[in-house]
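Throughout, residue positions are numbered sequentially from 1 according to the sequence presented. First listed ligand is number 1; within each ligand, the first listed atom is number 1.
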Amino acid sequence: MTVEIDHTLEEIRRFRPSPEFAAQAVASEDLYDRAKADRLGFWADHARELLTWSKPFTRTLDWSNPPFAKWFEDGELNVAVNCLDRHVEAGNGDRVAFHWEGEPGDSKSYTYAQLTEEVKRAANVLESLGVGEGDRVAVYLPMIPEAVISMLAVARIGAIHSVVFGGFSSDSLASRIDDAEAKLVITADGGYRKGKVFPLKPTVDDAVTKSGGSVEHVLVVRRGENDIAWTDRDIWWHEARDAASPEHEAKAFGAEHPLFILYTSGTTGKPKGILHTSGGYLTQVAFTHKNVFDLHPETDVYWSTADVGWITGHSYVVYGPLANGATSVIYEGTPDTPHAGRWWEIIEKYKVSILYAAPTAIRSFMKQGRSIPQQFNLRSLRLLGSVGEPINPEAWIWYRHVIGGGSIPVVDTWWQTETGGIMISALPGVTDLKPGSAQTPIPGISVDILEENGTPVEGEGGGLLVVTEPWPSMLRGIWGDPERFKETYWEKFGDKYFAGDGARRDEDGDIWLLGRVDDVMNVSGHRLSTAEIESSLVAHPYTAEAAVVGASDETTGQAVVAFVILKESQAVLAADFTTTSEELRKHVATQIGAIARPRQVFIVPELPKTRSGKIMRRLLRDLAEGRQIGDTTTLADTSIMEVISSQVR
Ligand code: 6R9
């Protein structure tokens with residue numbers, strides 16, 4: 001079978017790096033040449049350059065038992081020391097590690113020296129609670145400094161953290177506690193969200209009761225000051241922290257020592273515990289954080305808006321920036337509290353120079369209009385990043401112009417929980433930028449696009465994205481389930497990692513992501529990408545946001561069904577659904593081709609999204625196919641499907 005994906009929609013402008021940017025850029029063309037000449041040597045050099053090893057490694061990669069890779073295996077290091085102590089020892093103890101901003105407007109900054117001391121104290125607390133090397137610690141916290149401190153303290157003592165996003169239910173938390181047999185849970189009484197205290201401790205109490213009994217203690221940070229129940233296993237963070245010594249001798253661990261487990265949803269109901277280890281992971285996240293974000297640690301202020309509950313929070317809020325000695329911003333709350341300009345206010349306040357955010361957020365700002373960001377001074381920004389889903393060219397252009405002032409680089413970064421670090425992205429100052437395309441594998445990473453049968457796609461056709469060579473920050477397995485690890489990622493193409501995404505190459509060899517392969521539709525034997533049709537819809541002046549699904553159809557196999565949110569300024573059109581949706585159907589047909597014309601376009605007030613902002617197309621597919629709507633428990637707002645259904649009926 002030919003995996004062919006139709007594509008005609010392209011934003012054709014290309015943006016060369018400005019000479020001023022290129023002149024100061026961290027990355028250079030030479031990185032590609034070095035990696036090409038000696039891929040393993042390239043990674044070994046960076047592992048030595050970027051990290052401090054207590055015992056140097058002599059072997060770079062052991063791939064003798066695929067898919068189980070070992071990187072830098074005979075080397076030893078302490079991940080927390082690499083993120084903290086060594087910066088202090090190098091004389092940068094007074095540099096701010098992060099400025100933390102609470103949702104209500106309280107704030108606190110930690111220098112590298114202060115953060116190092118906090119982590120040492122926390123490491124002593126953990127050890128006093130009997131947590132040691134290899135033990136699992138569940139972290140269920142809001143975006144407060146203690147989230148970062150907890151992760152680093154766990155890493156420092158060689159235990160393994162499993163951060164669970166604070167929006168997950170007690171059932172989800174209980175199943176994650178059980179799967180990893182966590183000994184300790186670190187939580188808070190509550191955190192601020194949308195102007196209110198969102199309680200966390202009651203959810204932990206419930207989860208611990210439901211779970212299988214592995215939890216010995218619950219360490220509780222005081223944040224929300226909400227009333228909570230107290231049990232014998234509970235300990236206040238601040239009391240334990242104050243009593244703990246600020247001195248802590250860190251031990252070095254092997255490069256393949258587990259660092260964390262992070263659960264992510266798969267195709268089945270049971271979440272997968274993605275396992276990452278130490279030396280390779282830290283090498284790749286530090287390398288990409290430095291080169292993809294053009295990091296100048298002495299002068300930049302970097303802000304990734306991700307929550308630590310997701311992989312972006314692990315790699316690009318905590319480990320990458322701290323390994324590189326960067327100064328970051330961490331924000332507790334939502335973008336619209338207490339007002340719609342909250343993000344822009346934070347950028348102005350801290351003079352943020354590098355912003356890393358998700359397309360879904362960018363599109364929701366587009367929906368509100370440019371007048372909001374324009375009230376703030378955003379001139380400190382000099383680089384913008386995007387992650388999480390394909391960024392449609394229109395959002396890319398808006399991001400660059402309205403937020404970035406029109407001339408700064410936007411890097412679209414493709415990667416996954418499983419890849420640990422960025423895999424495909426332009427290098428700012430080096431690559432000519434192409435809106436909508438993630439562009440090229442970073443130096444040292446090899447990817448390909450394959451047909452279903454495993455042969456490489458020739459020319460510009462679409463197919464399945466694979467990583468063809470092991471990479472330093474690759475997942476080392478699924479916690480407790482090596483069979484599922486092999487089955488999910490390696491069975492399809494043997495020794496190549498199957499990412500689950502569709503992709504195509506354009507005439508320049510640049511890569512365009514086409515969405516998860518389960519989001520690729522087949523209409524009358526033609527393969528169409530949901531992302532491409534969404535992009536076309538969003539390019540229409542009426543549209544703020546769009547989601548497209550392939551719904552089964554008697555005659556064409558699948559049919560394109562679209563769900564569209566109109567821009568606020570076009571709200572009057574919402575009154576006339578028939579004409580508006582007809583106009584949008586025609587628009588797609590003109591832009592992409594008649595084959596892509598949606599069977600239906602539904603005008604809706606909202607789209608179903610997970611707490612990390614991903615659209616749950618599965619639910620829209622249920623609706624489009626007239627089925628009972630499936631499990632909605634992972635939605636950020638579970639009532640949304642009722643609102644959408646009533647609109648569609
Ligand atoms: C980092 C992260 C991974 C899935 C991935 C893909 C989608 C992420 C993307 C992108 C197109 C990008 N994805 N970045 N698609 N362009 N720049 O989001 O990890 O939560 O595991 O999601 O997200 O479909 O397979 P994770």
Asks: Are any of the side-chain nitrogens in E483 or K486 under 4.0 Å away from the carboxylate oxygens of its partner?
Replies: yes
Asks: Of the protein's non-hydrogen atoms, which lies at the shortest distance from atom 20 (O) of ligand 1, and what is that distance?
Replies: K614 NZ, 3.5 Å
Asks: Looking at I311, which atoms of ligand 1 are within less than 4.0 Å of one of its heavy atoms?
Replies: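 Selected atoms, number and element: 1 (C), 19 (O).
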Asks: Answer with yes or no after comparing the ring centroid distance for W343 and Y331 against a 6.0 Å cut-off, counting only values under it.
Replies: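 Here the rings of Y331 and W343 have centres that are no less than 6.0 Å from each other.
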Asks: Looking at E418 and K272, is any side-chain nitrogen of the basic one under 4.0 Å from a carboxylate oxygen of the acidic one?
Replies: yes
Asks: What is the closest protein heavy atom to atom 11 (C) of ligand 1, and at what distance does it sit?
Replies: P390 N, 3.1 Å
Asks: Are K434 and D508 close enough for a salt bridge, meaning some N to O gap below 4.0 Å?
Replies: yes
Asks: Could you pull out the closest heavy-atom pair between T419 and H276, with the gap in Å?
Replies: C-CE1, 4.2 Å
Asks: How far is atom 24 (O) of ligand 1 from its nearest protein heavy atom, and which residue and atom name does that atom have?
Replies: D501 OD2, 2.8 Å
Asks: Using ring centroids (six-membered ring only for Trp), state whether Y319 and H289 fall under 6.0 Å.
Replies: no
Asks: Any heavy-atom pair between the side chains of R342 and P335 that's under 4.5 Å?
Replies: no
Asks: How far is atom 2 (C) of ligand 1 from the closest protein heavy atom, and which atom is that?
Replies: W415 O, 3.8 Å
Asks: Is the distance between the ring centroids of F165 and W310 under 6.0 Å?
Replies: yes
Asks: Return the closest protein heavy atom for atom 26 (P) of ligand 1 as residue, atom name and distance.
Replies: T417 OG1, 3.6 Å
Asks: Would T312 count as a polar contact of ligand 1, with the cut-off being nitrogen or oxygen pairs under 3.5 Å?
Replies: no
Asks: Under 4.0 Å from a heavy atom of D412: give me the atoms of ligand 1 that qualify, with their elements.
Replies: 12 (C), 17 (N)
Asks: Within the 4.0 Å heavy-atom shell around V387, which atoms of ligand 1 are there?
Replies: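 Contacts of ligand 1 toward V387, numbered from 1: 1 (C).
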Asks: So if I count the atoms of ligand 1 from 1 in the order they appear, which ones are less than 4.0 Å from some heavy atom of L513?
Replies: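 So the answer, numbered in order with elements, is 11 (C).
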Asks: Is W310 near ligand 1, meaning one of its heavy atoms is under 4.0 Å from it?
Replies: no
Asks: Where's the contact between T413 and ligand 1, heavy-atom distance under 4.0 Å: side chain, backbone, both or neither?
Replies: backbone
Asks: Starting from atom 13 (N) of ligand 1, find the nearest protein heavy-atom neighbour and note its residue, name and distance.
Replies: G388 O, 3.2 Å
Asks: Mind checking whether W43 and F287 have parallel, tilted or perpendicular rings, split at 30° and 60°?
Replies: perpendicular
Asks: Indicate yes or no for a side-chain donor-acceptor contact from T288 to the backbone of V285 under 3.5 Å, with no hydrogens or angles considered.
Replies: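 Answer holds: yes.
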Asks: At what distance is the nearest protein heavy atom to atom 12 (C) of ligand 1, and which residue and atom is it?
Replies: E389 O, 3.5 Å
Asks: Is there at least one pair of N or O atoms, one from Q416 and one from ligand 1, spaced under 3.5 Å apart?
Replies: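 So ligand 1 has an N or O lying under 3.5 Å from an N or O of Q416.
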